[in-house]
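In the text below, chain A, chain B and the rest are named by the order of the sequence lines, each starting its count at 1.
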Amino acid sequence: MTRTLTAELKEKVGEQVTVRGWVQAVRDQKRMQFLILRDETGLAQAVLPKEEPPSELNEAITALTAESAVTVTGTVVADERVKLGGLELRIEGLTVDSLAEPELPIAEDSALDKRIDWRYLDLRRLDRRLIFEVQTTAEHAMREFWRREHFIELHTPKFMGSASESGAELFKVEYFDREAYLAQSPQFYKQMAMAAGFGKVFEVGPVFRANPSFTSRHDTEFTSVDVEISWIDSHEDVMAFEERWLAHVLASVKEIHGEQIEATFDAEVVVPELPFPRVTLEGAKEMLREHGHEAPGAGHDLDPPSERALSEIIKQQQGHEFAFVTDYPTTVRPFYHMRHADQPTLTKSFDLLWRGIELTTGAQREHRYEQLLAQAKDKGVDTPPIQYYLDFFRFGAPPHGGFGFGLTRLLMQMLGQDNVREVTFLYRGPHRLEP
RNA sequence: GGGGGCGUAGCUCAGCAGGUUAGAGCGCUGCCCUGUCACGGCAGAGGUCGCGGGUUCGAGUCCCGUCGCUCCCGCCA
């Protein structure tokens, strides 16, 4: 049997077709039975007159419950009375593939946490599906761009013998007779690819952070998009790549899903102008103070309210939703970020803000072995466990830099969602390991 | 880790200053309804008020503890 999708029905008027999907609603009346069917492409009405006494088919429809999985065979008929596309299916056969229990544990207006408990039911809604269609398009556009520019795709290990970055907490796991850690980032390995002469690399993969963060934009496992580029002159080259790449991604999403995103989430996808605004961290703080906002003191990163305010100011002044904030002090950056030759307390690093939230952290990396050792010592890093990493720079390493990018944060902002959990297939947090 | 808010029916919530048998809408079950389309009408079932302890003649309501959810901060993508 060939399955016809509900979206294809308009081309099949007069034909007998088989549609397979879920029962959205049953309206069982005295003389007429209506069955609203949903598949991944939309909704369709199926209809059957009720016989006296009711036929077996009538009884089967009466017994249906919402969200049951069914296969319906019938003839497609154009009928102006039908508000759902002016089409309906005159039912000739029905198979109940799986009867749903009558009371569903969640409804459209259920709280997010409860919806995640029953995520597979929540995801049956077509607007949730759109989120993952957009994700697919965005990733495809990223790869398209990378391939065009001769990047190599990496799949780095997620088990590690030691920490790859300071700051974020590590998950410890049993690993035979010793302990291992889940990777917080592919940072060291993408740098290894630079030492291996790969030139330009990317990875889209999971990272793990054992931070007990209870906010709308953190999770303990998320999909990180990582890029690393060799033979750069400074972090400026990395930013210049990232903005072109992102503009391409947003243009693709807008072209394919822009209208639907606007209709579904009331969010406009704006393709950004190049170049993105750039401001140094200290310059940003000055801007904030000029506009009457409090800003953290020297040596400190922007706090979230400052980031939101900064995005707002730049939006007003330059009409741009993105902003690169550059030149973070060494105090808030890891040891491997390259320092400015003339200002050794500042790193050649950047963050990318979009509509007030951090999408990216990037930098030029220190590729000179002796300098890297000195910086590790300066930051109090315990070097023996990461000697394998330091060794990457002993036998000829190119100048390089790159960035890490939160895929879910991109989606959240793109779709006007207020929580990364909405755009994560299955959220993982401090108290969430199921489903 | 720190702070704010919350936890009452399958779902979303109400429950005023502690006072008989804890309510509503949606959903569910049954009956009725000539084409519905958020169908409509009538009837019904459904609750150890997160959990434990305390105050009180009496606790959904007040107090303490605990668990969970949520938002903000810290941390970060």
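Comparing B/rG60 with B/rC16, their P atoms sit 12 Å apart, to the nearest whole Å. Here, B/rU55 and B/rG18 have their C1' atoms 12 Å apart, quoted to the whole Å. On the C1' atoms, B/rA59 is 14 Å away from B/rU8, given to the nearest whole Å. Spacing between B/rG54 and B/rG27 at atom P, rounded to whole Å, works out to 43 Å. The separation of B/rU70 from B/rC11, taken at their P atoms, amounts to 16 Å, rounded to a whole angstrom. Between B/rG15 and B/rC6, the two C1' atoms lie 16 Å apart (nearest whole Å).
Of the residues in residues 97-132 of chain A, those with a non-hydrogen atom less than 4.0 angstrom from any atom of RNA chain B are A/P102, A/E103, A/L104, A/P105, A/A107, A/D109, A/S110, A/A111, A/D113, A/K114.
Atom CG of A/D219 and atom CZ of A/R409 lie 8.0 Å apart (nearest 0.5 Å). Separating the CD atom in A/E67 from the CD atom in A/E103 is a distance of 14.0 Å, to the nearest 0.5 Å.
At a threshold of 4.0 Å, the pair A/R278-A/E243 counts as salt-bridged, since one of the basic side-chain nitrogens sits closer than that to a carboxylate oxygen.
Listed by chain and residue number, A/T156, A/E203 satisfy the side chain to side chain donor-acceptor pair (under 3.5 Å) test with A/K158 (two or more places apart in sequence, or in another chain). In this view, A/R244 and A/E149 satisfy the salt bridge (Lys or Arg N to Asp or Glu O under 4.0 Å) rule, not counting sequence neighbours.
Relative ring orientation between A/F188 and A/Y389 is described as parallel, the plane-to-plane angle staying below 30° on a 0-90° scale split at 30° and 60°. The aromatic rings of A/H248 and A/F145 are tilted relative to each other, their planes meeting at an angle between 30° and 60°.
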How does protein contact run along nucleotides 31-36 of chain B, one letter per nucleotide 5' to 3', with B for base contact, S for sugar-phosphate only, - for none, heavy atoms under 4.0 Å?
-> --BSBB
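Nucleic acid contact class of A/R432 (heavy atoms, under 4.0 Å, all strands): none.
Between A/N419 and the phosphate of B/rC71, there is a side-chain N or O to OP1/OP2 separation shorter than 4.0 Å. Regarding contacts with the backbone of B/rC71, a side-chain N or O of A/R421 is found under 4.0 angstrom from either OP1 or OP2.
A/F241 places a side-chain heavy atom less than 4.5 Å from the side chain of A/F403. Within the 4.5 Å cutoff, side-chain heavy atoms of A/D122 are placed close to those of A/R128. Annotation: side chain of A/E321 is in contact with side chain of A/K315 (closest heavy-atom distance under 4.5 Å).
Crowding of A/E40 atom CD: a count of heavy atoms from other residues, nucleotides or ligands under 6.0 Å exceeding 12.
Of the listed residues (A/T331, A/V332, A/T330), just one forms a side-chain contact (heavy atoms from CB on, under 4.5 Å) with A/Y328, and that residue is A/V332. Of the residues A/D79, A/I36, A/L37, the one that meets the side-chain contact (heavy atoms from CB on, under 4.5 Å) test with A/Q45 is A/I36.
For RNA chain B, the stems formed by at least three consecutive Watson-Crick or G-U pairs, with both atom-pair distances below 3.5 Å, span B:1-7 with B:67-73, B:10-13 with B:23-26, B:28-32 with B:40-44, B:50-54 with B:62-66.
Between the CZ atom of A/F208 and the C1' atom of B/rA77 there is a distance of 15 Å, rounded to whole Å.
Judged by the 6.0 Å and 45° rule, A/R421 forms a cation-pi pair with A/Y427.
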Report, one pair per line, the protein and nucleotides 72-74 of chain B atoms (nitrogen or oxygen only) whose separation is under 3.5 Å.
{"residue": "B/rC72", "atom": "OP2", "partner": "A/S216", "partner atom": "N", "Å": "3.2"}
{"residue": "B/rC72", "atom": "N4", "partner": "A/F214", "partner atom": "O", "Å": "3.4"}
{"residue": "B/rC73", "atom": "OP1", "partner": "A/R308", "partner atom": "NH2", "Å": "3.0"}
{"residue": "B/rC73", "atom": "OP2", "partner": "A/R217", "partner atom": "NH2", "Å": "3.4"}
{"residue": "B/rG74", "atom": "O6", "partner": "A/S213", "partner atom": "OG", "Å": "3.3"}

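Taking the 5.5 Å centre cut-off and the 30° plane limit, the aromatic side chain of A/F405 is not classed as stacked on B/rA77.
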